[in-house]
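Just so it is clear, the structure is predicted and the values come from calculations on it, not from any experiment. Letters A, B, ... mirror the listed sequences (proteins, then strands); counts begin at 1.
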Amino acid sequence: MDEREARRAKLQRLREKGVDPYPHRFDRSHTIAEARRLGEEAGDDAEPARVRLAGRLTAIRRMGKASFAQLEDQDAQIQLYLTVDKTEDFQSFKELVDRGDMVGVEGTFFVTKTGELTVQAERFVLLAKALQPLPEKYHGLRDVETMRRQRYLHLIADSEARQLFKKGSRIVLLVRAFLDQRGFVEVRTPTLQPIYGGAAARPFRTYHNELKRDLYLRISPELYLKRLIVGGLDRVYEIASVFRNEGIDSHHNPEFTLLELYQSFADYTDMMKLTEEMVRFVAQEVNGSLTLPARSVDGHEVEIDLGPPWRRLTYLDAIKEYAGVDVSTVATRDEALAAAAGAGLTVTELQELTWEEVLGRLFDERVERRLVEPTFIMDYPAALCPLTKRHRSDPRLAERFEPFVAGMELGNAFSELSDPEYQAAQFALQRERAQSGDEEAHPTDDDYVTALEYGLPPTGGLGIGLDRLVMLLTGAASIRDVILFPLQRASGG
RNA sequence: GGGCCGGUAGCUCAGUGGCAGAGCAGCGGACUCUUAAUCCGUCGGUCGGGGGUUCGAGUCCCCCCCGGCUCACCA
């Protein structure tokens with residue numbers, strides 16, 4: 001008999017007996033973790049404590065007139081003992097309850113002769129009859145595709161997965177606590193935007209029927225948050241779901257969670273300090289440690305120290321150090337191409353790129369993955385940074401930095417461009433790039449320029465990819481391991 | 001998009017041209033201290049989909065779908 005049919009038949013028999021297999025509530029007295037503490041403290045001598053527990057049955061070991069079972073809730077599990085002479089309606093348990101069912105039990109503690117804390121169940125109640133069989137009890141669920149498509153099944157079958165996602169939640173909570181301590185105000189800005197902006201990315205497009213207009217899912221909350229700084233909110237942040245219409249790989253999901261914060265009267269050096277301190281605080285609280293195991297580019301196990309200060313390295317010095325190309329002397333596209341060839345890149349593929357793009361390729365190919373120790377790469381070519389102030393001592397550069405840890409880009413920050421006329425000129429340049437086919441050029445936002453005309457104070461801005469921060473602090477190898485429901489293709493077959 | 005690897009029972013996996021298998025789960029039976037319970041018996045298949053080669057295809061060939069890794073693209 002097919003297992004699903006067997007479970008449906010049991011469900012039918014339960015209903016015929018007048019049992020509600022999907023009741024409305026259950027009063028539990030303790031979580032299983034609390035109950036374990038209670039039972040362990042009580043010892044043998046005390047009056048046995050009575051508990052009412054609820055969870056899922058993850059294993060049942062049936063004997064003729066007695067059964068052991070494992071009851072598991074979010075954080076812990078405990079053994080149950082049911083017997084024909086002490087458990088009410090033992091026969092129903094024996095015949096109609098399956099592994100995977102949600103149940104509530106009431107009983108008292110005892111310790112088995114092998115020393116395991118166990119609840120002698122006097123009563124049990126079905127809380128939800130499971131009609132689907134569970135993954136194999138010993139090997140669990142191994143199929144990565146099923147884990148992601150049916151995350152509920154992954155969470156049922158793997159308590160470590162539950163703990164990992166709880167840890168991700170706690171990391172976000174700690175980020176909020178850190179920013180709250182420093183006077184940042186959490187705000188919500190539009191997800192549906194008439195003009196998208198704040199990053200170089202292609203958007204998802206949608207349509208509002210009543211307004212008869214196109215809207216975009218945001219690629220960033222940046223321009224709205226800076227409007228709030230103009231409005232006099234000194235320190236604001238948003239933990240935003242953002243959407244970028246681009247490829248999927250181990251570090252990119254089309255929908256991800258971006259922390260953006262803006263601090264009045266600050267610049268990018270303040271943002272570096274804030275980044276260091278925020279990561280230090282969160283790591284210490286969530287891991288109890290500032291060190292992380294990681295793998296260097298040549299495959300060695302290394303230990304990363306997240307403690308401040310992080311290394312500070314300019315973009316050009318990074319290329320000099322890791323790619324062996326002194327680009328401070330490279331002023332033209334041809335010289336950049338020659339430098340790239342010298343570093344071993346294939347020049348034919350680079351023919352159509354600008355010199356900034358050639359540098360970018362050099363950086364991506366030769367530098368990024370080697371940035372294992374926490375490092376701020378700072379002072380990017382100005383042409384890549386249309387929302388950033390020029391560098392105070394070198395107009396070819398912009399005051400922008402990106403933090404890298406374990407070869408992974410964690411975010412993006414800058415001294416925010418506040419000159420409205422210069423910003424308008426930057427938008428004009430972006431329009432030219434869009435007309436020449438750059439699908440990631442920033443669209444012009446005239447109202448944003450108007451906001452700047454009212455006066456944006458000196459402002460430091462920081463964006464942190466929270467999914468990547470969670471990856472870093474949990475050791476996850478793929479962003480799809482820290483996003484509960486990552487985007488998947490329609491299942492084939 | 002390219003390369004490599006994978007998709008076989010509910011789950012975990014064997015099966016490299018000749019009868020589609022094992023363990024777990026399920027079902028029936030025995031069993032009141034088990035914990036990957038044990039013992040006896042038993043059911044269970046669109047071998048990812050389609051086409052081809054062959055007397056014969058899970059296995060070989062072609063196309064397609066899904067996933068993983070990787071390279072490219074992309075912040």
Non-neighbouring partners of [X] that pass side-chain contact (heavy atoms from CB on, under 4.5 Å), sequence neighbours left out:
| X | result |
| --- | --- |
| A:Tyr81 | A:Ala66, A:Phe68, A:Thr83, A:Phe110, A:Thr118, A:Gln120 |
| A:Asn253 | A:Glu255, A:Ile479, A:Ile483, A:Pro486, A:Leu487 |
| A:Thr388 | A:Cys385, A:Ala398, A:Arg400, A:Phe414 |
| A:Leu484 | A:Arg151, A:Leu155, A:Phe165 |

For RNA chain B, the residues among residues 79-92 of chain A that have a non-hydrogen atom under 4.0 Å from it: A:Gln79, A:Tyr81, A:Thr83, A:Val84, A:Asp85

Of residues 118-143 of chain A, the positions that come close to RNA chain B - non-hydrogen atoms, cut-off under 4.0 Å: A:Pro133, A:Pro135, A:Glu136, A:Lys137, A:Tyr138, A:His139, A:Gly140, A:Leu141, A:Arg142, A:Asp143

d([atom1], [X]; [atom2], [N]) in whole Å:
| X | N | atom1 | atom2 | answer |
| --- | --- | --- | --- | --- |
| A:Arg148 | B:C69 | CZ | C1' | 11 Å |
| A:Ile479 | B:G67 | CD1 | C1' | 18 Å |
| A:Arg489 | B:G1 | CZ | C1' | 11 Å |
| A:Ile248 | B:C74 | CD1 | C1' | 12 Å |

Under the salt bridge (charged side-chain N to carboxylate O under 4.0 Å, His left out) test, residues paired with A:Asp394 that sit two or more places apart: A:Arg396

Under the salt bridge (charged side-chain N to carboxylate O under 4.0 Å, His left out) test, residues paired with A:Glu238 that sit two or more places apart: A:Arg218

Residue mapping more 5' on RNA chain B - nearest nucleotide basis, A:Arg99 or A:Gln488: A:Arg99

RNA chain B: 5'-proximal contact among A:Ala200 and A:Gly64 (nearest heavy atom): A:Gly64

Side chain A:Ser67 and base B:U32 donor-acceptor under 3.5 Å: no

Pairs meeting criterion salt bridge (charged side-chain N to carboxylate O under 4.0 Å, His left out) with involvement of residues 115-125 of chain A, two or more places apart: A:Arg50-A:Glu122, A:Glu88-A:Arg123, A:Glu106-A:Arg123

Same-atom distance (C1') from B:C11 to B:C33, integer angstrom: 29 Å

Side-chain ion pair, A:Glu276 and A:Arg312, N-O less than 4.0 Å: yes

Distance-only polar pair, side chains of A:Asp438 and A:Gln430, donor-acceptor under 3.5 Å: no

Contact list for residues 115-144 of chain A, test ring pair (Phe, Tyr, Trp, His ring centres under 6.0 Å), sequence neighbours left out: A:Phe93-A:Phe124

Set of side chain to side chain donor-acceptor pair (under 3.5 Å) partners for A:Gln77, sequence neighbours left out: A:Gln70, A:Glu72

Nearest-nucleotide pick for A:Arg149, side chain only, options being B:C74, B:C66, B:C71: B:C66

Name of the residue among A:Asn245, A:Leu215, A:Ile219 meeting side chain to side chain contact (heavy atoms under 4.5 Å, CB included) with A:Phe204: A:Asn245

Is there any protein nitrogen or oxygen under 3.5 Å from a nitrogen or oxygen in nucleotides 27-29 of chain B, and what are the pairs?
unit_1	atom_1	unit_2	atom_2	d
B:C27	OP1	A:Lys10	NZ	2.3

Sugar-phosphate, base or nothing in reach of A:Arg244, heavy atoms under 4.0 Å: sugar-phosphate

OP1 or OP2 of B:G68 under 4.0 Å from side-chain N/O of A:Arg480: yes

Base paired to B:C73 (Watson-Crick or G-U; both N/O distances under 3.5 angstrom): none

